[in-house]
Every structure is written in structure tokens, then in C-alpha cells.
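Taking it in order: structure first as C-alpha cells, then the write-up.
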Amino acid sequence: MNTTATELPSNIDEELQKAAEQVAAGQIQAGEALAKKVLKQDNKNAQAHYVMGLAHYMRKQYKVAAQAFKVAAVNAPQNPMIFSNLGESLRRSKQTEEALKAFQKSLSLLPNFNLALMGIANCFSDLKQNDKAMKAFQKVLNQNPDFAPAYHYLGAHLTRNDQYKQALPMLKKAVAMRENYFDAQMTLANCLESLDMVDEAVEMFENVLEHQPKNIPAMLNLANIKKTQGKMDEAQVYFDRVLEIDPQNLAVQYNLSHSVNGKEAANSEELEKKFEDERLPKEAKRSLHFTIGKYYDDMGEVEKAFAHFKEGNDMDDRIPPYEPNQFSQGVDRLMDVYTKEFFNQRKGVGCESEQPIIIVGMPRSGTSLTEQILSSHPRVYGAGELKNLGDLVKTVQMRSNKKAPYPACARMIDPITACNLGERYVKETHELSGFGDYDRITDKMPGNYSNLGLLSLVLPRAKIIHCKRNPMDSCFSNFSHNFASVISYSRKLEDLGAHYRDYLRLMEHWKRVLPVPILELRYEEMVADNEAKSRELLEFCGLEWDDACLEFQKTERRVKTASTMQIRKPIYNSSVARWKKYEEQLKPLYEALGDVAPREENGQLFYP
């Protein structure tokens with residue numbers, strides 16, 4: 001195709017169609033060049049605007065792509081494909097309501113158009129309207145059971161709702177139906193990883209890299225898998241590969257900030273310059289603030305570090321703001337239902353298994369360390385942060401047929417149901433352990449402190465370990481950490497203080513009323529005398545002493561929490577009283593904690 005700036009091919013529509021195909025195939029510049037040339041002479045050419053939209057879309061410039069598709073739609077208002085691509089661009093730029101309208105317009109022009117129907121399903125999924133999403137996916141597949149993208153996006157929808165087992169066959173189907181369907185392979189690999197089918201996940205990610213050697217998300221996923229396994233050298237290989245392609249990659253910079261000391265790391269001032277890039281997505285800016293904050297923290301630049309931590313939290317709008325009154329009222333309801341009388345009236349109820357060990361506490365309070373010590377024992381399986389207990393709460397609420405909300409509906413649980421619920425939990429966690437021959441299985445979801453009432457009813461012989469830490473250190477550690485899944489109360493110091501008070505109020509209630517024993521482990525004491533506290537921990541759990549528990553950092557297991565780096569090291573005390581450096585900045589937290597704030601007397605630390 002040889003044309004000058006003023007000469008266009010006579011078969012321009014045909015050539016623009018080829019240009020669109022080139023762009024879709026990844027040959028963006030070639031197709032884009034012709035579209036730009038056409039638009040210089042005919043600014044209303046819908047097909048040329050459509051090609052430009054595709055080019056921006058392929059570069060993941062979704063807002064700009066949407067603008068190009070809008071112009072194309074004005075000049076070709078009867079083209080369903082233009083409206084469908086407009087909808088997808090709007091959806092990916094988080095303009096979901098507008099996207100839904102574009103897909104619906106596409107569907108009105110071409111009823112039963114698969115791409116538009118799938119776009120509508122994805123919009124409903126993004127809006128958390130799950131029933132509508134499932135109906136839309138079902139409609140696509142009823143019309144065209146050979147449409148691989150529908151299986152892929154249905155699987156993606158299910159994974160977003162933590163329904164990994166249900167998603168797995170959908171994603172496998174998508175991958176089997178279409179050769180080299182790398183987007184679906186990535187989603188499948190992530191699903192496999194979430195199901196702890198790690199070898200299969202690694203194989204899938206590596207297959208993607210074999211065909212797409214510059215696929216950064218695949219490299220980052222492999223790096224993170226290796227990191228959770230404690231294989232830091234192998235993780236670094238993938239991080240290095242990413243840096244060869246993108247020397248300033250923010251995901252790698254964030255990982256590096258937590259794996260090396262800031263004094264040895266990249267120049268923070270260089271990273272600061274990244275904020276000048278207007279194209280930097282909001283999520284990347286947020287991560288960058290925490291990355292730079294960690295570097296400044298390591299360098300002792302307290303004011304600069306805190307400013308970045310605060311800015312990162314202030315711009316985190318992934319979920320609505322924390323409502324302290326709602327949580328406080330929820331604690332009141334739990335305390336009203338689960339009383340000493342409640343349990344006295346239900347003695348002998350529940351499953352008799354002694355296998356579960358439930359580790360609770362505020363995030364960043366030592367729960368990962370505690371589980372790592374226990375899982376170093378040959379008779380213990382460390383299952384990590386499980387949602388199974390929370391799922392039992394949802395089951396109880398569903399079975400009440402809306403007669404009463406939770407926790408009030410717990411009063412209606414009969415002995416058979418209580419036993420079955422406990423057995424279900426034991427069966428599910430045993431399956432997670434690979435049906436291994438273990439005496440104990442740990443579940444260290446920190447927020448399970450809200451679920452201890454139901455736990456004690458359905459599993460009265462379980463063991464509960466409550467991890468506590470200086471509330472100033474615990475809360476500040478939350479505030480200064482960029483959680484992959486946002487914790488609503490961790491973004492404001494005042495919210496952290498309010499939440500901590502109610503959490504502690506609930507735990508004090510459980511100590512008074514639960515028939516299940518609770519061991520309180522203080523992080524500072526664990527650090528000061530690890531062997532003594534580890535022996536106390538094992539004795540409480542009914543386990544004989546094993547020296548491996550003192551060398552927990554050598555235990556090879558996956559740890560998918562924010563503390564994955566820390567538990568790979570021997571006990572250290574550098575995190576004790578870390579908050580003191582930030583005493584001035586943390587005054588709002590100290591005031592919010594009120595009478596549960598830590599105090600020192602005669603050089604000794606006291607906190608409730």
C-alpha cells in the first residue's frame with residue numbers, strides 16, 4: 001500500500017477494514033498510519049475513527065479509545081460493532097453505566113449480538129449485580145455454546161466472586177476451545193493459583209510467556225508465586241526480566257521496597273518524578289506513594305514517608321469509606337446474641353473435631369508468624385487465610401429464610417445443623433490440606449474474631465489463638481501498607497483507632513462467654529522470648545515440642561499474606577515500637593484509641 005499524504009487508495013473502505021484487522025492483530029502503527037491520513041482529508045470518516053479507537057484500545061488507553069469510538073458512532077449511528085467497542089472502552093475505563101447504555105444500543109441495532117450481550121453481562125458483573133450477570137452469560141451461551149469468550153468472561157466473573165471451583169471448568173473450556181487464547185490462559189492460571197494448584201498455574205503462566213515473552217503480568221504472577229513459596233532468588237529472576245522491559249515498573253519497585261532496605265534501593269527522588277506523568281493510572285499512583293513511603297521510612301525520612309503513606313490512603317477509593325458506627329452496632333448485636341446463657345443452653349452441641357486452630361487478631365499483629373511457627377510442626381497444616389468460617393455465617397443467614405438477620409438467626413440453629421456445619425468446615429479444611437494426616441489445621445483469617453460465636457457453637461473443641469500487638473504499632477503497620485484487598489478501616493488513623501476499640505471490646509466479650517479456650521499471644525513477648533512462647537503455644541494446641549518450630553523461617557510452604565517476607569527471616573525486634581518515630585504524626589490515632597492506647601510505666605509497656 002503506497003500512498004502519499006494527499007493520495008488515498010480508491011478502495012479506501014476496504015483498506016481501512018484491513019487496517020482495523022492489522023490493529024486488532026497487534027500491528028498498531030501500520031493500521032493507525034492510514035487512519036490518520038484519511039482523517040486529515042475526511043474528519044468524518046467513521047471507519048477511520050473506528051481504527052483510531054482500536055489503536056488506543058490496544059494500547060490500553062481506554063478513555064481516549066472511547067472518545068474515538070464516540071465520534072465514529074456519531075458518523076455511523078447504525079453500526080452495532082462501533083457501539084459494542086465503545087461500550088467495552090467505557091467499561092474498562094470504569095464508566096460502567098455509560099458502557100451499559102452503549103452495549104444496549106448495540107443490541108438494539110443487532111438483536112442477539114454476542115459481543116454486546118457479553119458486554120452487558122460484564123457490566124452487571126462490575127456493578128455486583130450477580131444474578132443479572134449470570135442470566136446474561138447464560139443467554140450468550142444458550143445462543144452460541146461455541147463462543148469461547150463467553151466461557152472466559154463467565155469464569156472471570158466467578159473468580160471475582162471467589163467461586164474458583166465453579167470458574168475452573170468454564171476457564172478450561174475457553175482455553176480448550178480457542179488455540180492461543182492467552183487472556184483466558186492468564187485467567188485460568190490465576191484461578192488455579194487461588195485453588196492452590198500451584199504447579200498447574202506455573203505451567204500455564206510459563207506457557208503464556210513462551211508465546212508472549214514480554215507479557216509482564218505473567219512474569220509478575222510467577223514472581224509472586226515464587227515469593228509466597230520463599231524462593232526469593234527465583235522470584236528475583238522474573239522481577240529482573242520485567243525490569244529489562246520496563247525499568248521503572250511500579251509493581252516491581254513496590255516489591256523491591258519490601259525486600260531490600262531503602263538505603264540500598266532506587267533513588268526515591270527519581271520515583272517521585274513519575275507523578276508528573278499524567279497518563280499514570282490512579283491505582284499506580286496509589287501504589288507509588290506506598291513504595292516511596294517505604295523507601296523514605298527505611299532512610300529515616302519520617303515526614304516524607306508519612307506524607308506518602310497518607311496520600312496513598314487518601315486516594316484509595318476502591319471501596320466506600322469505613323462506617324465506624326455500623327461496625328460498633330454489629331459488635332453490639334454479636335454480644336447481645338452470643339451470651340454465656342446462650343452457650344450454657346447448648347452444651348454438647350456441635351462437631352467434636354479437635355483439628356481446627358483458629359488464629360485471630362488485628363491484621364499485622366503476628367498472625368502470620370504464629371501460623372508459621374505452628375505449621376513448622378510435622379503434625380500441623382497451615383491453611384492460611386480461609387473464608388470458610390465466613391461462608392458458614394452466610395449459610396446460617398440463608399437458611400433462616402429471612403426470618404431473622406445474622407447473628408439473631410443463630411438462635412434458630414438446631415443440634416443437627418450445628419453438627420453438620422462443623423463437619424462441613426472440617427471436611428473443607430481437610431480437603432485443602434490434600435487430605436493429609438494432620439492432627440491440627442490452622443486458619444489464620446485475622447477478621448474471624450467477628451465469627452468466634454458461631455465457631456464456638458459448631459466447633460466447641462477448636463482452639464482459638466488471639467494475637468495481640470501494641471495497638472500503635474499494629475494500626476500504623478496497617479496504615480503504612482498497601483493491601484491488595486483494601487481494608488476499609490486502614491485508610492484513616494481515626495478509623496483505625498475506632499475499629500481497634502470495638503475489636504478489643506468484642507474479644508474481651510468472647511473471653512468472658514465462650515466455652516472454647518483462648519490463648520492470648522503478645523507479639524512483643526514472642527519476639528523477646530520466642531522459645532518460651534512457642535512452647536506455650538504448642539502445649540495449648542495439644543502438640544508435643546518439635547525443634548523445627550524454632551526454625552520456622554526454613555519451613556517450605558506458601559504464605560499469601562502481607563507478611564510473606566517477614567516470616568522467611570528469624571525472629572527480629574525492629575518492628576517493636578516502630579510507631580515511636582512517627583509519634584507526632586500519629587497523634588490522631590493515639591487520641592482515637594483513648595483508654596486502650598499503650599502506656600509505659602517504669603520502662604515497661606502496658607496495653608489492654
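Position 1 is the first residue of the sequence; numbering continues from there.
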If we count only N and O atoms by modelled type, under 3.5 Å, do the side chains of Thr395 and Arg424 hold a donor and an acceptor together?
yes
Modelled atom types, side-chain donor and acceptor of Thr417 and Arg399, under 3.5 Å:
no
Side chains of Tyr181 and Asp183 only: does a donor on one sit below 3.5 Å from an acceptor on the other?
no
Can you sort out the partners of Arg178 under salt bridge (charged side-chain N to carboxylate O under 4.0 Å, His left out), two or more places apart, ordered by chain and number?
none
Quick one about Glu193 and Asn221 (side-chain donor to acceptor, distance below 3.5 Å, no hydrogens or angles considered), yes or no?
no
May I have the step-by-step check of side-chain hydrogen bond (donor to acceptor under 3.5 Å, both in side chains) for Gln236 and Asp240, ending in yes or no?
CA-CA 6 Å; Gln236 192 60 49; Asp240 289 342; 3.0 Å; yes
Any pair counted as salt bridge (charged side-chain N to carboxylate O under 4.0 Å, His left out), so long as it reaches residues 202-223, sequence neighbours left out:
none
On the 0 to 90° scale, with breaks at 30° and 60°, tag the His308-His289 ring pair as parallel, tilted or perpendicular.
tilted
Which of Arg241, Lys227, Lys226 passes salt bridge (Lys or Arg N to Asp or Glu O under 4.0 Å) with Glu234? It is Lys226
Give a yes-or-no answer on whether the side chains of Gln138 and Asn142 include a donor-acceptor pair shorter than 3.5 Å.
yes
Ignoring hydrogens and angles, state whether a donor on the side chain of Tyr50 or Asn85 is under 3.5 Å from an acceptor on the partner side chain.
yes
Are Met52 and Leu39 packed together at the side-chain level, in the sense that at least one heavy-atom pair is separated by less than 4.5 angstrom?
yes
Donor + acceptor pair across side chains of Asn448, Asn451 (<3.5 Å)
yes
So, using ring pair (Phe, Tyr, Trp, His ring centres under 6.0 Å) as the criterion, who are the partners of Tyr238 when residues are at least two apart?
none
